[in-house]
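Reminder, nothing fancy here: chain letters follow the sequence lines and each chain counts from 1.
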Protein chains: 2
Amino acid sequence: MTDVPARERLMDAAVEAFAERGFHATTTRDISTRAGMSPAALYVHHASKEQLLYEISSAGHQNTRNMILAAYASTADPVDRLATIHFEFSKWHAVHSKRARVVQYEISALTPEHRKEVAGYRRDIERVYRDAIAEGVEKGVFEVDDVPGTALALISMAIDLVRWYQPDGPRTPDAVGHLYADLALRAVGATRS
Amino acid sequence: MTDVPARERLMDAAVEAFAERGFHATTTRDISTRAGMSPAALYVHHASKEQLLYEISSAGHQNTRNMILAAYASTADPVDRLATIHFEFSKWHAVHSKRARVVQYEISALTPEHRKEVAGYRRDIERVYRDAIAEGVEKGVFEVDDVPGTALALISMAIDLVRWYQPDGPRTPDAVGHLYADLALRAVGATRS
DNA sequence: GTCTATATGAAGATAGAC
DNA sequence: GTCTATCTTCATATAGAC
């Protein structure tokens with residue numbers, strides 16, 4: 001039935017545990033037990049607890065960065081572009097709310113080198129938002145005073161989903177994505193076409 | 001010079017430490033050392049590390065709840081009301097970004113009883129936002145499809161400030177408050193008066 | 001690659017002197 | 001109310017058998 005390799009089972013177990021209790025409150029015993037293994041088995045597949053976090057964090061950051069870069073490239077219309085970016089980014093945080101919680105909230109537990117790497121991905125994401133908004137302003141379809149500040153506010157809205165979104169709650173990830181995309185267009189004063 | 005009681009010095013030190021490293025990564029030695037005391041001194045003034053967190057969390061939650069209840073009561077105009085609520089709430093998270101980080105992100109480290117208490121304060125805050133938006137819709141000055149969802153999105157925007165706001169960054173707390181209040185009015189489709 | 005057993009270190013909290 | 005010293009527990013990670 002379950003043919004998932006031990007290495008992945010451990011990563012999934014770590015996501016669950018880190019999301020529920022946080023990195024520092026999670027024990028390696030908890031992770032290995034959730035994966036159905038002894039405490040020692042973890043170290044056959046992952047060098048350390050931090051390494052496990054890094055793998056989760058790095059993959060998640062690359063995922064989201066690539067996703068919104070693709071959203072950016074998918075259209076040249078500023079309204080469609082911002083809506084698509086924010087729809088995808090918000091929806092991802094709803095669909096993967098547990099994983100995203102680890103990705104977004106456990107950065108300080110990474111080693112300085114690993115933290116530096118993910119900081120780069122985060123800068124990319126912020127730049128995509130800023131560019132998408134700035135272009136709409138330039139083309140006269142958005143009206144925004146503080147472009148970087150508005151970009152951060154939109155990113156905040158999506159990221160903070162991981163703090164409260166419940167898969168069994170009243171909103172589907174799609175519904176959240178559409179609501180948030182609409183809020184983004186309102187936030188930039190988009191002229192409807 | 002410094003006439004701050006030991007009890008408060010420890011609370012301030014705990015805020016700093018919890019904000020920088022998180023509750024679980026913070027040691028009681030770290031807290032007492034920051035307050036200029038021995039590890040044992042902490043327990044003269046606070047029953048446990050969790051109790052210290054609870055005192056910080058409870059006070060912060062009551063603070064913000066009372067603040068936005070006052071903002072709600074300060075005017076009956078829906079536009080002014082939502083703008084004031086969101087200005088105050090956002091500004092608070094910028095001014096007290098360290099303390100707010102502890103208040104917002106360490107809830108899961110509280111005991112179930114303490115967590116239950118602060119959950120009540122949080123419900124109050126969400127209700128104020130929902131009511132403020134719903135009234136604007138009823139009076140025909142706001143246009144919102146999903147009132148609770150929009151309320152959560154605005155709260156998210158403000159709370160997420162604690163993840164990135166830097167006191168020495170380009171924006172003053174007042175500037176953030178004004179920007180966010182403006183974004184809130186746009187988000188609800190407010191008709192300018 | 002999995003296990004049992006354990007080395008090693010550090011954390012929360014307390015004892016008891018001053 | 002502060003200190004030094006320490007108890008006790010538990011965590012990460014490793015050793016070595018199978």
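- Between His86(A) and Tyr180(A), the angle of the ring planes stays under 30°, which puts this pair in the parallel group of the 30/60° scheme.
- Note on Tyr105(A): it does not cluster hydrophobically with Val103(B), by side-chain heavy-atom contacts below 4.5 Å among ILVMFWY residues.
- In this entry the distance linking NZ of Lys49(B) with P of dT14(C) reads 15 Å, nearest Å.
- Separating the CZ atom of Phe23(A) from the P atom of dA11(D) is a distance of 14 Å, rounded to the nearest angstrom.
- In this entry the distance linking NE2 of His24(B) with P of dG12(C) reads 11 Å, nearest Å.
- The local environment of CZ in Arg21(A) is sparse, with at most 12 non-hydrogen atoms from other residues, nucleotides or ligands closer than 6.0 Å.
- In terms of modelled atom types and a separation under 3.5 Å, the side chain of Thr64(B) and the main chain of His61(B) share a donor-acceptor contact.
- In this structure, Phe89(A) and His93(A) have perpendicular ring planes: the angle between them is above 60°, well past the 30° mark.
- Summarising the geometry, the separation between CD on Gln51(A) and C1' on dT14(D) is reported as 18 Å, rounded to the nearest angstrom.
- Using a 4.0 Å cut-off between charged side-chain N and carboxylate O, Arg127(B) and Asp124(B) make a salt bridge.
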Show each protein N/O and nucleotides 16-18 of chain D N/O combination with a separation under 3.5 Å, one pair to a line.
none

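- Side-chain proximity of Tyr43(B) to the nucleotides dT2(D), dG1(C), dG12(C) is greatest for dG12(C).
- Applying the 6.0 Å contact sphere to CD of Glu143(A) captures no more than 12 heavy atoms from other residues, nucleotides or ligands.
- One interatomic measurement links the two molecules: CG of Leu10(A) to C1' of dG1(C), which rounds to 12 Å at whole-angstrom precision.
- Remark: Asn66(A) CG is packed, more than 12 non-hydrogen atoms of other residues, nucleotides or ligands lying under 6.0 Å away.
- Looking at residues 26-37 of chain A, you'll see Thr26(A), Thr27(A), Thr28(A), Arg29(A) sit with a heavy atom under 4.0 Å from some atom of DNA chain D.
- The separation between Arg7(B) atom CZ and dG1(D) atom P is 11 Å, rounded to whole Å.
- Side-chain atoms of Ala6(A) lie closest to dT2(C) of the nucleotides dT2(C), dA13(C), dT14(D).
- For His46(A) and dT12(D), the NE2 to P distance is 15 Å, given to the nearest whole Å.
- Defined by atom type and a distance below 3.5 Å, a donor-acceptor pair is present between the side-chain atoms of Glu117(A) and Ser58(A).
- In this structure, Phe18(A) places its CZ atom 9 Å from P of dT12(D), rounding to the nearest Å.
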